[in-house]
Amino acid sequence: MSTLDWYIATVERQTGLTLHYEKSGTPFPLDGGASVHVYRVLQEALNNVSRHSGAKEAWVRLKFLQDALELEVEDRGKGIMQEKNGRGIGLVAMRERAEIIGGTLELLRLGAAGTLVRLSIKRQKVESHAE
């Protein structure tokens, strides 16, 4: 079981959230440093769902694409608060982690309610070439 599999099950137990976890594509090994940053972005995104969204469930999607890795965390809670406008400490830390590994972080408001956090990283920036 991967670290993300373990972590998602742990979050469900600790918070009572129902998490729907989907992996797609052909997995490729991540560089150790990159994998820590991806894990921390997931950790902060799920922390935000648990603490701020009011949602009872969320969707986590890990996509191994031909040329990139994407991590999405979606909830149907109350959405990003307008007055913070994506500048909370956790969101700033997620953006910084994305930049460190050459990726981008998007925060999207979904209609009247909900948030989608998407971390996108080019495969060559995060893939481990160790044999």
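Since this is a predicted model, take the numbers as computed values, not measurements.
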task: Mind jotting down which residue pairs meet the ring-ring contact (aromatic ring centres under 6.0 Å, His included) criterion with at least one end in residues 99-122? Sequence neighbours excluded, please.
output: none
message: Show the nearest heavy-atom pair for residues R109 and K78, with the distance to one decimal.
response: NH2-O, 3.5 Å
message: Are there over 12 heavy-atom neighbours, none belonging to K63, within less than 6.0 Å of that residue's NZ?
response: yes
- line: The reported gap from OG1 in T26 to CD in Q66 (rounded to nearest 0.5 angstrom) is 8.5 Å
- request: Hey, could you give me the CG/NE2 distance between N47 and H52, rounded to the nearest 0.5 Å?
  value: 6.5 Å
task: Mind checking side-chain contact (heavy atoms from CB on, under 4.5 Å) for L110 and listing every partner two or more places apart, or none if nothing turns up?
output: E74, L116
- line: Here the gap from S24 atom OG to E70 atom CD, rounded to the nearest 0.5 Å, amounts to 9.0 Å
task: With sequence neighbours excluded, give me every ring-ring contact (aromatic ring centres under 6.0 Å, His included) pair touching residues 53-72.
output: H20-W59, F28-F64
- request: Supply the atom-to-atom distance H37 NE2 to E96 CD, rounded to the nearest 0.5 angstrom.
  value: 10.5 Å
message: Do N48 and L91 have side chains that approach each other closer than 4.5 Å (heavy atoms only, starting at C-beta)?
response: yes
In residues 98-105, what donor-acceptor pairs under 3.5 Å come from side-chain atoms, sequence neighbours left out?
none

message: My understanding is that only residues two or more places apart in sequence, or in another chain, count here; which of them pass side-chain contact (heavy atoms from CB on, under 4.5 Å) with Q43?
response: Y7, Y39, R40
- request: Starting at CG of L42, measure out to CG of L62 and round the result to the nearest 0.5 Å.
  value: 9.0 Å
- line: Looking only at heavy atoms, the pair that brings A113 and G77 closest together is CB-O, 3.0 Å
query: Hey, are the side chains of L46 and V60 touching, using non-hydrogen atoms and a 4.5 Å cut-off?
result: yes
task: Keeping the roles fixed (side chain from S35, backbone from G32), state whether a donor-acceptor pair exists under 3.5 Å.
output: yes
- prompt: For R118, what residues pass the side-chain hydrogen bond (donor to acceptor under 3.5 Å, both in side chains) criterion, not counting sequence neighbours?
  reply: E72, E106
- prompt: Given L30, which of V36, I121, V126 fulfils the side-chain contact (heavy atoms from CB on, under 4.5 Å) condition?
  reply: V126
- prompt: K56: what forms a side-chain contact (heavy atoms from CB on, under 4.5 Å) with it, not counting sequence neighbours?
  reply: none
message: Test: ring-ring contact (aromatic ring centres under 6.0 Å, His included). Region: residues 104-125. Which pairs qualify, not counting sequence neighbours?
response: none
query: Which residue pairs satisfy the salt bridge (Lys or Arg N to Asp or Glu O under 4.0 Å) criterion with at least one member in residues 19-31, sequence neighbours excluded?
result: D5-K23
Solution key, residues 10-17 side-chain donor-acceptor pairs under 3.5 Å, sequence neighbours excluded:
unit_1	atom_1	unit_2	atom_2	d
T10	OG1	W6	O	2.9
T10	OG1	R13	NH2	3.4
E12	OE2	L19	N	2.8
T15	OG1	V11	O	2.7
T15	OG1	L17	N	3.1

- request: Could you tell me whether the side chain of L108 reaches within less than 4.5 Å of the side chain of T115, counting heavy atoms only?
  value: no
